[in-house]
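Inspection log for the structure reproduced underneath, given as structure tokens.
Just so we're clear, the structure is a prediction, and the values are computed from it rather than from any experiment. Naming convention: chains lettered A, B, ... in sequence-line order (proteins, then strands); numbering from 1 in each chain.
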Amino acid sequence: KAGVTQTPRYLIKTRGQQVTLSCSPISGHRSVSWYQQTPGQGLQFLFEYFSETQRNKGNFPGRFSGRQFSNSRSEMNVSTLELGDSALYLCASRTRGGDNEQFFGPGTRLTVL
Amino acid sequence: LAKTTQPISMDSYEGQEVNITCSHNNIATNDYITWYQQFPSQGPRFIIQGYKTKVTNEVASLFIPADRKSSTLSLPRVSLSDTAVYYCLVGDFGAGSYQLTFGKGTKLSVIP
């Protein structure tokens with residue numbers, strides 16, 4: 001079974017631009033979560049989607065948004081990029097209904113110049 | 001979500017058993033204890049999860065005392081490839097809203 005895939009793997013943007021990251025979950029997984037990882041703050045939860053609905057949201061500004069499609073693929077968008085948005089963005093998927101293991105993708109390394 | 005405390009770093013020689021203890025004093029009745037492993041520039045990988053007593057799988061064991069206020073991840077006979085950051089997470093990972101809260105983790109360095 002293929003794992004979680006994320007595209008692109010690396011991205012360089014400049015301040016003020018916007019960016020869209022994509023995540024394809026493991027086949028059959030309907031829950032997708034997004035995390036931001038930086039050396040200073042560690043791994044921080046952004047949001048979770050299930051069946052195209054946002055189910056939970058972390059403490060991030062409105063510049064960070066996401067969506068999920070009917071095939072469970074998810075996208076994350078960051079508008080008006082700031083230098084501090086440089087990070088590794090991780091996507092994770094899981095099944096629901098008692099399955100507690102989350103499967104993480106390799107991440108997208110975003111650099112904001 | 002319960003707060004967890006674990007050592008920032010640990011060193012071990014190859015072939016030794018490594019025990020990483022995590023404190024979670026305010027664990028709730030429905031909370032499970034889960035451990036993840038992360039290598040540099042990769043996403044975390046699930047290692048093991050338990051609720052009480054002892055759980056063992058092909059890579060690790062998890063020991064949970066009766067009061068559940070702490071837990072110990074045991075890695076038998078570590079190798080250089082076990083060098084990674086290990087995260088302890090506590091939460092009600094049921095069918096409801098699901099959010100993993102990662103602490104700083106324990107950076108394990110395995111020495112030849």
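Crowding of A:Arg63 atom CZ: a count of heavy atoms from other residues, nucleotides or ligands under 6.0 Å exceeding 12. In this structure, A:Lys13 places its NZ atom where more than 12 heavy-atom neighbours from other residues, nucleotides or ligands lie under 6.0 Å away. In the displayed structure, B:Ile8 atom CD1 is contacted under 6.0 Å by at most 12 heavy atoms of other residues, nucleotides or ligands. Within 6.0 Å of atom CG in A:Asn59, 12 or fewer heavy atoms from other residues, nucleotides or ligands are found, so the atom counts as exposed in its surroundings.
Highest contact tally toward chain A, considering only B:Gly43, B:Ser41, B:Gly105, is held by B:Gly43 [criterion: heavy-atom pairs under 4.5 Å].
Contact annotation: the side chain of B:Gln38 approaches that of A:Leu43 to within less than 4.5 Å [non-hydrogen atoms, C-beta and beyond].
Scanning all heavy atoms of the two residues, the minimum distance from A:Gln37 to B:Tyr87 falls at NE2-OH, 3.5 Å.
Here the straight-line distance linking atom CD1 of B:Ile48 with atom CD of A:Glu101 works out to 11.0 Å at 0.5 Å rounding. To the nearest 0.5 angstrom, B:Lys104 atom NZ is 6.0 Å from A:Gln41 atom CD.
Heavy atoms closer than 4.5 Å to chain B are found in the side chain of A:Leu90, but not in its backbone.
Note on A:Leu81 and A:Leu83: same hydrophobic cluster, where clusters join Ile, Leu, Val, Met, Phe, Trp and Tyr whose side-chain heavy atoms are under 4.5 Å apart, directly or indirectly.
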